[in-house]
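Start at 1 and go down the list; that is how both ligands and their atoms are numbered. Because the structure is a prediction, the values reported are computed rather than measured.
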Amino acid sequence: MTDDCIFCQIVAGDIPSRTVYEDETVFAFLDVNPLAPGHTLVIPKEHHERLNDTPADVATDVYAALHELVPSVEAAVDAPASTVAFNNGEVAGQEVPHVHGHIVPRFEGDGGGPIHSLFGSQPDLADDELDRIAADIEAER
Ligand code: 5GP
Ligand code: ZN
């Protein structure tokens, strides 16, 4: 628990939330400022800032809860689809520094777009650059 973290305070029950799921390691609740009805946040109970800081077992638990919750959230609001995403780091738009997955129900004609629409343009990467990037990612593991 980190005292000045809003999400740690929600897990502790110090800030009220509309809880939709809880187990030993994971907590899920409705977003207070929803992008769509049913917009749900899924978080580890332990404070970790980003996916990169989250231990593998905790990340596995968060993913398992997301996997279980996506169909329930969609069914509850009669949504045919959802966008499931993490803003992972401040530069990517993460505002609350306690790792969280968003489940945002999607509806025909809702005016939203795919994740690709977040980006105005795409870089023009040559084949050899792509080969190098792929090799570098593999080497970093
Ligand atoms: P981020 O931009 O960090 O990926 O998303 C943070 C999300 O947390 C936002 O969608 C915001 O509406 C939500 N949020 C921030 N404070 C609270 C709160 O006190 N309660 C709840 N339920 N959601 C919050
Ligand atoms: Zn926290």
In one Ile/Leu/Val/Met/Phe/Trp/Tyr side-chain cluster, 4.5 Å: V62, I43
no
Whether F86 lies under 4.0 Å from ligand 1, heavy atom
no
Under a 4.5 Å cut-off applied to non-hydrogen side-chain atoms, are T40 and D31 in contact?
no
Intermediate values then yes/no, side chain to side chain contact (heavy atoms under 4.5 Å, CB included), S17 and F27
CA-CA 11 Å; S17 70; F27 197 82; 3.8 Å; yes
For ligand 1, is any non-hydrogen atom under 4.0 Å from N87's backbone (N, CA, C, O), its side chain (CB onward), both, or neither?
side chain
re atom 19 (O) of ligand 1, the protein heavy-atom contact at minimum distance is I6 CG2, 3.4 Å
One finds that the ligand 1 atoms under 4.0 Å from a non-hydrogen atom of E95 are 1 (P), 2 (O), 3 (O)
Quick one: does ligand 1 sit under 4.0 Å from the side chain of F29, the backbone, both or neither, non-hydrogen atoms only?
side chain
Any idea which protein heavy atom is nearest atom 24 (C) of ligand 1, and the distance to it?
V32 CG1, 3.5 Å
May I ask you to list the atoms of ligand 1 that are less than 4.0 angstrom from any heavy atom of H102?
1 (P), 4 (O), 5 (O), 10 (O)
Does ligand 1 have any atom sitting under 4.0 Å from a heavy atom of S17?
no
Any N/O/S atom of C5 sitting less than 2.8 Å from the Zn ion (ligand 2), backbone or side chain?
yes
Give the residue and atom name of whichever protein heavy atom lies nearest to atom 20 (N) of ligand 1, and the separation in Å to one decimal.
I10 CD1, 3.5 Å
Can you classify the ring geometry of H102 versus H39 as parallel (below 30°), tilted (30 to 60°) or perpendicular (above 60°)?
tilted
L30, portion touching ligand 1 at heavy-atom distance under 4.0 Å
backbone
Check the surroundings of atom CD in E90: do more than 12 heavy atoms from other residues, nucleotides or ligands lie under 6.0 Å from it?
no
Sub-4.5 Å side-chain heavy-atom contact between V58 and K45
no
Which angle, to the nearest 10 degrees, do you find at the Zn ion (ligand 2) between ND1 in H98 and ND1 in H47?
110°
Counting only heavy atoms from other residues, nucleotides and ligands, does the tally under 6.0 Å from CD of E68 exceed 12?
no
Take atom CG in D57; do more than 12 heavy atoms of anything else shown fall under 6.0 Å from it?
yes
For Q94, take its heavy atoms, then give the atoms of ligand 1 lying under 4.0 Å from any of them.
3 (O)
Got the closest protein heavy atom to atom 15 (C) of ligand 1, with its distance?
V96 CG2, 4.1 Å
Starting from atom 11 (C) of ligand 1, locate the nearest protein heavy atom and write down its residue, its atom name and how far away it is, to 0.1 Å.
D31 OD1, 3.4 Å
Taking 4.0 angstrom as the limit and counting only heavy atoms of G93, give me the atoms of ligand 1 inside it, by number and element.
2 (O)
For Y63 and H67, take the angle between the two ring planes, folded into 0 to 90°, and tell me which bin it lands in: parallel under 30, tilted 30 to 60, perpendicular over 60.
parallel
Note, F107 side chain near D78 side chain (heavy atom, < 4.5 Å):
no
Within-4.5 Å side-chain heavy-atom neighbours: C5 and H98:
yes
Looking only at distances, please establish whether an N/O atom of ligand 1 is found under 3.5 Å from an N/O atom of H100.
yes
